[in-house]
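In the text below, chain A, chain B and the rest are named by the order of the sequence lines, each starting its count at 1.
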Amino acid sequence: MVPRSTIYHSSSSTNTSTEVDPVVTCTDVSRHFTRGSSHSGWFSRSSQSAEIVTALSNISLSVTRGEFVGLAGPSGSGKSTLLHLLAALDTPSTGSVALAGRQTNTLSTRQRTKLRLDHVGIVFQHFHLLPSLSARANVATPLIELGYSRRQRRQRATELLANVGLDDRVHHTPGELSGGEQQRVAVARALATDPDLVIADEPTGELDTTTGKRVLDVLAAVATDRAVIVASHDPQVLDRVDRVIRLRDGHRQKVDETT
Amino acid sequence: MILVSRLTAIASVAVAQLRHDRTRTLLAVIGVTLAILSTMLLAGTGLGVVETGQEKFENAGRDLWITGGSVQFTPSQVGGVQNSIYDAHTFADELRQRDSIRTVGPLLFQTVYVSSDGEEFQTIASMGVPSSAGVSISEGRGFQGDSHYANGSYNGPMTHEILIDERTATLLDVDVGDRIHVGGTITSARNNEFTIVGVSSTGNQFLGTPTVTMPLSELQEITGKTGTDPATIVAVTTTNDSNPQAVAQDLQTAYPELTIRTNQEQFQATLERQAVVLAGGASLIVLAVVAGLTLTLNILLSMVYQQLPQYAALKALGNSSITVTGVVITQAIIVGILGCVVSLGLVIPMANGIDHLATTITGFENVVRISPQILLLGIGVAATMSLLSGLIAGSRLVGLDSIRILRNQ
């Protein structure tokens, strides 16, 4: 597969070219956190000693529809932070992220939530399915926000589950599904709103090799008509993507074209 | 249409969550049910006491109640009660001379020893009345006047007739026609046998304890109080064309050392003497509501905290705070509705059970009254509790930091 995006280094301030409008672009993005001053509850105290930690530094990249991109790097390298920025879950400290043509740091939390609903699907390492709901109901949860009728939600969720090979598991709750099946339900849920961008954070981290391969097959299929970005340590994952962006200590190291 | 779809979807997720966590749901419903039931039963008891009390005073057919101040209990003295109206017969005669007064009934309350065999004695309450005309009799007949007084000489014939209530009948295992020993002391009781001529609950309703009723002068005789001719309270009926309030003012002017109250005033004074009990009842209602609220909130919060990553994921996927919070609030509302339905179904049978128990133990009837207002109060408490707990638990999700939650997984 020929990558349909342009990758450029943060040091080069000028964008070389874009053949297709990117789904997501980040430019000179850095993200700093203040460690030791977060509130965790109503009665918790804030710490007196705060420390600034740089999770990402001057990262730039662009991903277009049809790309299957891997984010690699050791733990703490900034993979998840970058995914959160690309998915508009977070905003950069400096630089900018444009998702579906909108600068995320100019949007309110509510606007970013709406932006995610319309354009982003997310697959989590631990699936995070509601244990009380069936596979079909879990897949349909993002559609609640869009005002789909019950029938429409069921129809859409059933189709998506069939697409990931779970048409015989629609009524099962997560507790009745294997890890691989749960992850495929999570992929189907991520696709419920027909997003332009699918983000997956360690999607095979909880799965054995065979099951992980099956999930990767699903994600690769998904990537044919949308952008998919996967953060992973798993060589099996990184072998399947079109290109790999390697991070270390919050800096991008290099880009591997694997196809 | 979109709003309806969203609401039904939120409701279906909430129902699924509650069905999934059945033990928690059951506990929450029990908590709400207990709080609502406690509130309704305690409020119903308050209403029952007030309404029944008012009815008792009104049904007594008396307009004014005269006492010599608060009644003092004196366990070391014969009779056990210090009575502060003396020369009761003379006083009653004085009152009867007034045009505005139709009837006067001095009542004496004492503690007496009773026995059905003259061997084993028990102490119970007794009420002395000048005539059994003002006493309701459910079985048998009344006694024959108060001839023993004999214009203050106390040498007239004693009728030796007595009325008992059902609890005394059960206590002594006696019935109408049987004879029992009654006296202010055991010696006096051994020497005084009375024939049970009827069954009356009037004394029981006054005192809330097993009570025998006998002629006033005979009670004074057996408790050794003929010298002072005491009465505990004097009940007065005014003539039809008199204003009880005005008569009370006239009597208060004439007898400043006595306390003269209308029915309403006497009832209020009775209630005021129970201020601690009433305050305790109100505190129990507040405690019941707070306990129910705390339990519901605790269970809802534990459900929220347990599924925080799932809720964070839903928000990450684009579900709004309103939707995610709505699921929690809907769960609280459903718990509230279930608790309310169960409470409404249980409150009438429980009130009847408490009434039956209270009647059996104390002789008081209609202690608990469940009116439509009490039912509305229960519904209001359920609505307040469920909404409040839902809003508090839901508020934990409004500002939910999805990234922090998901990063910590």
Between [X] and chain B, with a heavy-atom cut-off of 4.5 Å, which part of the residue counts as in contact: side chain, backbone, both or neither?
{"X": "A:F127", "result": "neither"}
{"X": "A:T141", "result": "both"}
{"X": "A:L129", "result": "backbone"}
{"X": "A:P195", "result": "neither"}

Heavy-atom closest pair, residues [X] and [Y]:
{"X": "B:K315", "Y": "A:T113", "result": "O-CG2, 4.3 Å"}
{"X": "B:V13", "Y": "A:I144", "result": "CG2-CD1, 4.1 Å"}
{"X": "B:S5", "Y": "A:R153", "result": "O-NH1, 3.7 Å"}
{"X": "B:A316", "Y": "A:I122", "result": "O-CD1, 3.5 Å"}
{"X": "A:E145", "Y": "B:G318", "result": "CG-O, 3.7 Å"}

Practice prompt. Would you sort out whether A:L117 and B:N319 count as a side chain to side chain contact (heavy atoms under 4.5 Å, CB included), showing the intermediate values?
Written response: CA-CA 7 Å; A:L117 181 70; B:N319 285 103; 5.6 Å; no
Practice prompt. Determine, stepwise, if the pair A:R150 / B:T8 fulfils side chain to side chain contact (heavy atoms under 4.5 Å, CB included).
Written response: CA-CA 8 Å; A:R150 189 182 182 204; B:T8 51; 5.8 Å; no
Worksheet item: Should we count CD of B:E51 as having more than 12 external heavy atoms under 6.0 Å?
Response: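 Check passes, neighbour count above 12.
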Worksheet item: Which bit of B:Q307 comes within less than 4.5 Å of chain A, counting heavy atoms only: side chain, backbone, both or neither?
Response: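 For B:Q307, the contact with chain A is made by the side chain alone.
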Worksheet item: Measuring heavy-atom distances to chain A, does B:L317 have an atom under 4.5 Å in its side chain, in its backbone, in both, or in neither?
Response: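 Both parts, heavy atoms under 4.5 Å.
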Worksheet item: Within a strict 4.5 Å, meaning less than it, do heavy atoms of the B:Q310 and A:P131 side chains meet?
Response: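 Yes, at least one pair of side-chain atoms sits under 4.5 Å.
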